[in-house]
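Throughout, numbering of the chain's residues begins at 1 and tracks the sequence.
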Amino acid sequence: VDAFIQRCKDLFDVCECQEHFARWQDGSKTITPVFHGQRGPEMVRTLIEIEDAFTKHVNKLLEVKSNILNVKSTQWHDYYTRFRTNVKDLEVMVQTLLTQAFDSHQTIQNYIHVLEIFEHFKVRENIRRELDKKTKDMWFMFTEEVNRVKRLLAMKKPDVPNMPKYAGAAHWARLLKRRVERPMEELERAKVFLSKTGSGQEAKASYNNLIQALEDFVRQTFAEWSASVAKESLSTRLDQPLMIRSSIAPELLDVNFDPVLLKLFEEIHHWERLMFEIPHYAAEIYLKKDELRTLREHVLLVVRDYNNII
């Protein structure tokens, strides 16, 4: 009975190998995976070669199929031992292919892609150790990216051309946030097949702290801008005359439309896109922006024509 049980275990092992080395699952073959990078087609060919070699080894086992369940026959044992040896050689080939696939692109997205391709090999100890190592390396890459963004935030030198001062700084922080959110979204989708590691938990904690710091920066920037927009000063700016005598040539005219109002309109436009609630006294003026812009353009035409006549 024990010999028969062992023979059944041998057959179960062969079936598992079919899933690992020949991509057989639920009676059908899964789609051939795609590898990224310039060497992608070469790695696909290597994978197919491994599968073809495995198929040959399985076909060799079929030569003794009539004695598979005959525990008194030693023929199966000899063939199965050779099969196991050949499978170990295939494992080495898979490990080599695994290393090449990870080295082809040192990015988090590629690491996730490769880990998913080889996920079904996790039950094989040697390959599982390599997959676990690469999983830790991937989390290390993510942590490095989080630290780079932290350093940029610590410098507090937003570089957003053609943007207003305060809203531009907020957009800059949101861009930094999106920079780390994208890989985290990929990692969250991949958690069904990623091995759980301590480095992964530490990376997530560091990521959450960074996201909180970025959001705090945006809220603080908005508070600073809101404080700079005093209700009294806005009213005063709207009461100024739209035309004044030129300081350079007194006989000419200049437009006196306050540039602060133009900056205000830009700030409000971008803060609304960031889904912030604008102070009501500033929002009331912003509702008149088109009217004020039209008025400014008309004044510009009048000033230009007047100066041309003079």
[atom1] of [X]: more than 12 outside heavy atoms within 6.0 angstrom?
X      : atom1 : answer
Glu277 : CD    : no
Leu301 : CG    : yes
Lys29  : NZ    : yes
Gln38  : CD    : no
Tyr306 : OH    : yes

Do [X] and [Y] have side-chain atoms, one donor and one acceptor, less than 3.5 Å apart?
X      : Y      : value
Lys136 : Ser195 : no
Arg23  : Thr32  : yes
Arg304 : Asn307 : no

Is the closest basic N to carboxylate O distance between [X] and [Y] below 4.0 Å?
X      : Y      : value
Glu188 : Lys191 : yes
Glu181 : Arg178 : yes
Lys133 : Asp137 : yes
Lys88  : Glu91  : no
Arg84  : Asp13  : yes
Glu125 : Arg129 : yes

Counting N and O atoms only, with roles assigned by atom type, does the side chain of [X] sit under 3.5 Å from a partner on the main chain of [Y], one being a donor and the other an acceptor?
X      : Y      : result
Thr85  : Thr81  : yes
His113 : Val34  : yes
Ser206 : Glu202 : no
Asn110 : Gln106 : no
His120 : His20  : yes
Arg7   : Asn70  : yes
Arg39  : Gln100 : no
Tyr281 : Val229 : yes
Glu116 : Phe193 : no

Could you check whether any side-chain heavy atom of [X] comes within less than 4.5 Å of a side-chain heavy atom of [Y], counting everything from C-beta outward?
X      : Y      : result
Arg296 : Leu262 : yes
Ser228 : Glu267 : no
Phe83  : Lys60  : no
Pro33  : Leu47  : yes

Can you name the nearest heavy-atom pair linking [X] to [Y], along with the distance?
X      : Y      : answer
Ile268 : Ala282 : CD1-O, 3.6 Å
Ala167 : His270 : CB-CB, 3.5 Å
Leu153 : Trp172 : CA-CH2, 3.9 Å
Lys122 : Leu131 : CG-CD1, 3.9 Å
Val160 : Gly168 : CG2-O, 3.3 Å
Ile278 : Ala283 : CG2-N, 4.0 Å

In a table with atom names and distances, give each donor-acceptor pair under 3.5 Å that connects a side chain of residues 214-225 to protein atoms at least two apart or in another chain.
unit_1	atom_1	unit_2	atom_2	d
Glu215	OE2	Arg174	NE	3.3
Glu215	OE2	Lys177	NZ	2.8
Asp216	OD1	Gln212	NE2	3.0
Asp216	OD1	Arg219	NH2	2.5
Gln220	NE2	Glu224	OE2	3.3
Thr221	OG1	Phe217	O	2.7

Let me have the donor-acceptor pairs involving side chains of residues 286-293, under 3.5 Å, with sequence neighbours excluded, atom names and distances please.
none

Using the six-membered ring wherever Trp is involved, compare the ring planes of Phe276 and Trp271 and label them parallel, tilted or perpendicular (cut-offs 30° and 60°). perpendicular

Can you classify the ring geometry of Phe121 versus Phe118 as parallel (below 30°), tilted (30 to 60°) or perpendicular (above 60°)? tilted

Apply the side chain to side chain contact (heavy atoms under 4.5 Å, CB included) test between Val94 and each candidate in Ile50, Thr99, Thr46; give the one that qualifies. Ile50

